[in-house]
Trainee: 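Questions regarding the structure given below will be posed in turn.
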Amino acid sequence: MHSKLIASAALLGLMMTTSVFAQEAAVPKQTVNDALRARLPEKIRTDGKMISVNNGSFPPYEIVTGTKLTGASADLTDAIGQMLGVEIEHETVSGLSALLAGINSGRYQFAFGPIGDFKTREEANDFIDWVQEYVVFSVQKGNPKAITSLDSACGNRIAVMAGGSAEKVIQAQVEKCKAASKLAPEVQSYTDQPSSILAVRSKRADAFFSSQAPLTYFVSQANGQLELSGVGQKNGFDDLYQGAVVPKGSPLGPVLLDSIKALMDNGAYAAIMKKWGLENNMIKQPGINLGGALPK
């Protein structure tokens with residue numbers, strides 16, 4: 001796996017707390033499902049492996065430490081690999097654009113994510129959605145800038161993930177703030193979640209606008225320095241689904257979908273999600289391209 005070098009000691013310390021957050025849980029080992037394996041593309045069956053690409057640490061789903069990937073997504077892909085009788089290798093790239101380009105060029109077979117499913121992204125890719133997500137703010141303890149919504153983001157320094165849906169929503173908010181004769185937010189775009197949250201902890205940013213699940217993780221590891229804000233609001237999004245990504249029309253998509261369904265049916269999905277504190281992000285059934293469009 002090609003992993004990023006993390007220069008900051010504070011950032012490294014944050015990432016080394018994984019075992020504290022994950023709850024012990026019995027995850028059932030899977031046996032090979034011959035019917036699902038037979039539906040894999042022939043090259044994958046012959047090679048006996050697939051490569052899943054990730055965008056760096058996205059706790060508690062994907063946590064990259066050195067060359068090792070842990071987290072809920074790692075546990076789920078391990079289970080899927082067992083069910084399909086293939087090895088799933090993991091590689092890390094920098095930025096969502098590089099991830100999608102790698103999938104569509106055939107360098108990687110899929111990304112398990114979860115990655116936000118939006119209509120604009122469905123033009124080139126299929127999304128196998130397996131969680132529902134919410135987008136909120138992580139702010140300094142006590143919320144000194146009183147950032148509780150998109151409107152209150154005006155005039156503040158807002159960190160986001162580069163190329164992500166939250167960045168597009170905040171960029172749209174820039175124009176709304178200007179139209180209301182308010183100071184526009186200063187948008188700070190980062191290539192990974194840890195760098196974004198570190199910007200808030202070091203007070204270089206006033207808030208980080210991103211998915212609730214990873215922000216909950218980071219807040220729990222911040223020694224009381226951070227809190228969540230804007231919880232329970234739409235914050236510029238309709239129902240937000242996230243999932244795995246494959247090239248448009250790839251036969252691998254339906255195989256992943258039915259593999260996830262099988263993990264839901266046998267209890268492995270729930271066990272893994274609960275292990276990582278993700279009960280509130282579970283969905284009853286996965287689906288392909290469940291996502292809606294970004295706000296106008």
Side-chain angles (χ1 to χ4, degrees), residues 1-6 15 40-59 61-78 80-81 84 86-131 133 160-168 189-196 210-211 214 241-257 259-260 286 288-291 294:
M1 183 196 321
H2 305 297
S3 58
K4 301 187 185 88
L5 294 178
I6 301 175
M15 298 310 300
L40 284 170
E42 183 177 355
K43 179 170 173 46
I44 293 176
R45 291 200 312 274
T46 301
D47 292 346
K49 69 176 184 179
M50 293 190 285
I51 300 176
S52 175
V53 61
N54 64 75
N55 187 33
S57 289
F58 185 50
Y61 293 108
E62 297 174 324
I63 302 170
V64 179
T65 306
T67 58
K68 183 175 178 60
L69 180 73
T70 57
S73 297
D75 286 349
L76 285 165
T77 50
D78 282 348
I80 289 173
L84 297 177
V86 298
E87 180 183 357
I88 296 181
E89 299 178 354
H90 299 279
E91 290 199 18
T92 299
V93 297
S94 179
L96 181 62
S97 297
L99 179 149
L100 294 175
I103 292 171
N104 291 331
S105 69
R107 182 173 182 179
Y108 313 111
Q109 280 70 54
F110 71 108
F112 197 69
I115 295 168
D117 175 4
F118 298 95
K119 292 298 182 186
T120 52
R121 293 178 180 172
E122 291 173 7
E123 295 173 3
N125 295 93
D126 286 328
F127 289 76
I128 302 88
D129 298 314
W130 52 274
V131 292
E133 189 52 280
V160 291
M161 284 280 288
S165 53
E167 182 184 51
K168 294 180 182 179
S189 300
Y190 296 89
T191 58
D192 58 69
Q193 294 268 350
S195 296
S196 305
S210 189
S211 300
Y241 293 96
Q242 295 182 336
V245 184
V246 296
K248 194 70 181 175
S250 169
L252 183 59
V255 177
L256 290 176
L257 175 68
S259 298
I260 296 168
I288 294 180
N289 298 334
L290 298 177
L294 281 171

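The first residue of the sequence shown is numbered 1, and numbering continues consecutively from there.
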Trainee: For the residue pair V86 and R45, establish whether any side-chain heavy-atom pair is separated by less than 4.5 Å.
Mentor: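 Answer no - side chains too far apart.
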Trainee: For G56, is there any backbone N or O sitting under 3.5 Å from a side-chain donor or acceptor partner on D192?
Mentor: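 Side chain of D192 to backbone of G56: no pair is present.
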Trainee: Measuring only between side-chain heavy atoms, which start at C-beta, is I115 closer than 4.5 Å to R121?
Mentor: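 The answer is yes, as the side chains (C-beta and beyond) meet within the 4.5 Å cut-off.
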Trainee: Partners of K248 by side-chain hydrogen bond (donor to acceptor under 3.5 Å, both in side chains), sequence neighbours excluded?
Mentor: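 Listed in chain order: D126.
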Trainee: Less than 4.5 Å apart, side chain to side chain, heavy atoms only: is that true for L84 and V255?
Mentor: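 L84 vs V255: side chains touch.
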Trainee: To the nearest 0.5 angstrom, please state how far the CG atom of L69 sits from the CG atom of D75.
Mentor: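 CG of D75 is found 9.0 Å from CG of L69.
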Trainee: Between T77 and A74 (side chain of the first, backbone of the second, donor and acceptor by atom type, cut-off under 3.5 Å), is there such a pair?
Mentor: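 Yes, the answer is positive, given that a donor and an acceptor are paired below the 3.5 Å cut-off.
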Trainee: Are T67 and H90 close enough, and set up right, to give a side-chain contact (heavy atoms from CB on, under 4.5 Å), and what steps lead you there?
Mentor: CA-CA 9 Å; T67 58; H90 299 279; over 6 Å; no
Trainee: Side-chain contact, heavy-atom cut-off 4.5 Å: V131 with Y241?
Mentor: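 The answer is no, as the side chains (C-beta and beyond) never meet within the 4.5 Å cut-off.
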Trainee: Got a sec, which residues hit side-chain hydrogen bond (donor to acceptor under 3.5 Å, both in side chains) with S259, two or more places apart in sequence or on another chain?
Mentor: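 Applying side-chain hydrogen bond (donor to acceptor under 3.5 Å, both in side chains) to S259 gives none.
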Trainee: List the residues meeting side-chain hydrogen bond (donor to acceptor under 3.5 Å, both in side chains) with S211, not counting sequence neighbours, and say none if there are none.
Mentor: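 Partners of S211 under the side-chain hydrogen bond (donor to acceptor under 3.5 Å, both in side chains) test: Q242.
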Trainee: Side chains of E167 and S189: do they bring a donor and an acceptor to under 3.5 Å?
Mentor: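 Yes, a side-chain donor-acceptor pair sits under 3.5 Å.
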Trainee: Are any non-hydrogen side-chain atoms of I44 and K49 less than 4.5 angstrom apart?
Mentor: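 When only atoms from C-beta onward are counted, K49 and I44 do not touch, as no gap falls below 4.5 Å.
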Trainee: Show your working on side-chain contact (heavy atoms from CB on, under 4.5 Å) between L290 and F127 and close with a plain yes or no.
Mentor: CA-CA 8 Å; L290 298 177; F127 289 76; over 6 Å; no
Trainee: Find out whether M161 and N55 are in side-chain contact, i.e. whether some heavy atom of one side chain is under 4.5 Å from a heavy atom of the other.
Mentor: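 The answer is yes, as the side chains (C-beta and beyond) meet within the 4.5 Å cut-off.
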Trainee: Can you check whether L76 reaches F112 side chain to side chain, under 4.5 Å on heavy atoms?
Mentor: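 The answer is yes; the side chains approach within 4.5 Å.
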Trainee: Strictly distance-based, threshold 3.5 Å: is any side-chain N or O of N54 a donor or acceptor partner for the main-chain N or O of E91?
Mentor: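 Judged by distance alone, yes, a pair lies under 3.5 Å.
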Trainee: Quick one about E89 and S52 (side-chain donor to acceptor, distance below 3.5 Å, no hydrogens or angles considered), yes or no?
Mentor: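 No, E89 and S52 have no side-chain donor paired with an acceptor closer than 3.5 Å.
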Trainee: Between V246 and Q109, is there a side-chain heavy-atom distance shorter than 4.5 Å?
Mentor: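 When only atoms from C-beta onward are counted, V246 and Q109 do not touch, as no gap falls below 4.5 Å.
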Trainee: Provide the closest heavy-atom pair for K119 versus G291 in the form atom of the first, atom of the second, distance.
Mentor: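 Distance-wise, the nearest heavy atoms are CE-O, 3.2 Å.
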Trainee: Could you check N104 against N125 for side chain to side chain donor-acceptor pair (under 3.5 Å), going step by step and ending with a plain yes or no?
Mentor: CA-CA 8 Å; N104 291 331; N125 295 93; 2.8 Å; yes
Trainee: List in chain and number order the residues that pass ring-ring contact (aromatic ring centres under 6.0 Å, His included) with Y61, two or more places apart in sequence or in another chain; answer none if no residue qualifies.
Mentor: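 Listed in chain order: F58, W130.
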Trainee: Holding to side-chain contact (heavy atoms from CB on, under 4.5 Å), I want the full list of residues that pass it with L257, two or more places apart in sequence or in another chain.
Mentor: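 Residues passing side-chain contact (heavy atoms from CB on, under 4.5 Å) with L257: I128, K261, P286, I288.
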Trainee: Can you give me the closest heavy-atom contact between G113 and S73, atom names plus distance?
Mentor: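 Smallest heavy-atom distance, with atoms named: O-OG, 2.6 Å.
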Trainee: Before you tell me yes or no, could you show the steps for F110 and L252 under side-chain contact (heavy atoms from CB on, under 4.5 Å), namely the whole-Å CA-CA distance, both residues' side-chain angles and the distance that decides it to 0.1 Å?
Mentor: CA-CA 8 Å; F110 71 108; L252 183 59; 4.1 Å; yes
Trainee: Which residues pass the side-chain hydrogen bond (donor to acceptor under 3.5 Å, both in side chains) test with D78, not counting sequence neighbours?
Mentor: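 None.
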Trainee: side-chain contact (heavy atoms from CB on, under 4.5 Å) for V245 and Y108? Distances and angles first, verdict last.
Mentor: CA-CA 10 Å; V245 184; Y108 313 111; over 6 Å; no
